[in-house]
There are 2 protein chains.
Amino acid sequence: MTERPLPTKDRLIRAAADLFRRSGYHGVGLSELLSAADAPKGSLYHHFPNGKSDLAVAAATWASDEMLRMIAASFEPAKDFEAGTRTLCHKAAKMFDKSGQWDGCPISATLFEGPGNTDFRQHAHHLYEGWITEVTHHAAQLGEPDPRETADTLFILLQGGWQLARARQSSDELRKLPDRLFATKTN
Amino acid sequence: MTERPLPTKDRLIRAAADLFRRSGYHGVGLSELLSAADAPKGSLYHHFPNGKSDLAVAAATWASDEMLRMIAASFEPAKDFEAGTRTLCHKAAKMFDKSGQWDGCPISATLFEGPGNTDFRQHAHHLYEGWITEVTHHAAQLGEPDPRETADTLFILLQGGWQLARARQSSDELRKLPDRLFATKTN
DNA sequence: CGGCATCTGGACCGATCAGTCTAGTCACGT
DNA sequence: ACGTGACTAGACTGATCGGTCCAGATGCCG
């Protein structure tokens with residue numbers, strides 16, 4: 001992929017997304033962040049005038065966009081909704097393994113665990129609804145009877161499944177998700 | 001909301017459970033913690049020699065025990081597993097509303113977002129398995145065909161549903177959980 | 001009463017926190 | 001070659017962090 005001469009701003013965003021997901025907003029210090037991104041403090045406050053909080057929003061948004069891309073890449077080539085769901089859960093499991101099996105959801109770790117700030121939480125809500133809207137769209141496209149409710153259910157399963165996978169240190173919990181969703185629903 | 005008859009140690013544990021759930025382990029300072037518990041620093045280090053981390057483990061364990069009690073109270077008087085599940089989700093919804101609708105799961109906020117410490121995470125795993133074991137027990141007791149898998153699913157739904165409820169600021173997401181679980185499962 | 005252990009109160013510590021500030025470097029248009 | 005704005009570099013600051021320490025209460029035995 002394109003990873004060669006990544007500009008400082010992007011290095012900051014990616015390092016932030018990575019570290020916040022691992023330790024939560026308050027669990028990451030600026031010094032750790034900057035050394036991970038290999039950037040000096042001046043650059044941070046040049047690109048993100050409000051410092052850590054601005055960077056956190058950017059990092060969560062970037063992570064959310066990646067998730068949207070993953071959703072689209074799973075459902076667009078799918079024959080039906082079940083196939084797309086299986087692909088998505090499989091991709092999520094791979095991401096889980098690649099992350100070291102301890103990280104949480106990038107959005108909740110960054111925004112929900114962040115400052116008491118209401119803007120943070122509403123932004124998290126906005127990003128989550130973006131995921132659900134995207135899934136709803138594909139569910140409708142693929143002829144699912146109740147796309148809105150189905151998308152909600154898939155969101156819940158992914159969030160809960162990720163948590164269980166994290167506790168058990170096993171991405172299998174994510175791979176088994178579609179079975180839970182479709183086991184009795186084959187009509 | 002005065003807990004005056006409560007001994008200092010318990011006041012610390014409850015304040016910690018409350019605050020960690022709201023802001024995560026790193027998001028709560030000792031000063032905030034101590035003023036919430038109305039206790040001086042000396043008491044903390046008397047009751048919890050290792051300080052914040054000891055207290056966090058105690059708080060998470062206490063919160064977990066409360067959850068175990070809630071599970072037992074939901075399933076013991078239940079005619080069947082579905083009834084128990086509905087009671088449990090209803091109780092969870094009430095707890096969600098009472099918590100101010102922004103707090104997360106006390107265990108993951110306290111232990112997963114805590115220090116990189118492996119002990120923390122394994123303890124979280126241990127507590128979670130305690131919940132699942134308890135639900136498995138009741139599911140078996142109430143004649144559910146596959147108690148282990150059913151308990152896993154309920155755990156996933158509760159974790160994911162709580163997250164969605166938090167984003168949407170609506171405990172209805174928790175109340176609707178049993179419908180998602182039993183809608184197509186009317187065997 | 002004395003003697004001892006448990007618990008409390010808070011002053012104090014070095015480390016680290018997020019954030020500020022300014023001098024210096026660099027790329028690029030002219 | 002020069003000027004200008006975008007960007008980097010890191011020393012510095014005041015606040016707050018978690019943690020230590022010990023003198024004083026307090027309770028509970030004799």
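Throughout, a chain's letter reflects where its sequence line sits, starting with A, and its residues are numbered from 1.
Side-chain N/O atoms of B:Thr8 include none lying less than 4.0 angstrom from OP1 or OP2 on C:dC7. Taking only side-chain nitrogens and oxygens, A:Ser43 never comes nearer than 4.0 Å to OP1 or OP2 of D:dA9.
Remark: C1' of D:dC7 and CZ of A:Arg11 are 12 Å apart, rounded to the nearest angstrom. One can place NE2 of B:His46 at 15 Å from C1' of D:dC21, the figure rounded to the nearest angstrom. Following rounding to the nearest Å, B:Leu34 (CG) and D:dG19 (C1') show an atom-to-atom distance of 12 Å. Remark: C1' of D:dT20 and CG of B:Asp54 are 15 Å apart, rounded to the nearest angstrom. The distance between atom NZ of A:Lys9 and atom C1' of D:dT8, rounded to the nearest whole Å, is 16 Å. The distance between atom CG of A:Leu44 and atom P of D:dA9, rounded to the nearest whole Å, is 13 Å. Atom CG in A:Asp38 sits roughly 17 Å away from atom P in D:dC7 (whole-Å rounding).
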Atom pairs under 3.5 Å: protein N/O with N/O of nucleotides 15-18 of chain C:
from: C:dC17; atom 1: OP2; to: A:Ser31; atom 2: OG; distance (Å): 3.2
from: C:dA18; atom 1: OP1; to: A:Val28; atom 2: O; distance (Å): 3.1
from: C:dA18; atom 1: OP1; to: A:Lys52; atom 2: NZ; distance (Å): 2.7
from: C:dA18; atom 1: OP2; to: A:Leu30; atom 2: N; distance (Å): 2.5

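Judged by the 6.0 Å distance and 45° axis criteria, A:Lys9 is positioned over the aromatic ring of A:Phe48. Cation-pi geometry between B:Arg166 and A:Phe112 is satisfied (NZ or CZ under 6.0 Å from the ring centre, within 45° of the ring normal).
Partners of B:Arg86 according to the side-chain hydrogen bond (donor to acceptor under 3.5 Å, both in side chains) rule, which considers only residues two or more places apart in sequence or in another chain, are B:Glu82, B:Asp179.
Atom NE2 of B:His46 sits about 8.0 Å away from atom OG of B:Ser43, to the nearest 0.5 Å. Atom CG of residue A:Leu44 and atom OG1 of residue A:Thr8 lie 10.5 Å apart, to the nearest 0.5 angstrom.
Contact annotation: the side chain of B:Asp152 approaches that of A:Arg168 to within less than 4.5 Å [non-hydrogen atoms, C-beta and beyond].
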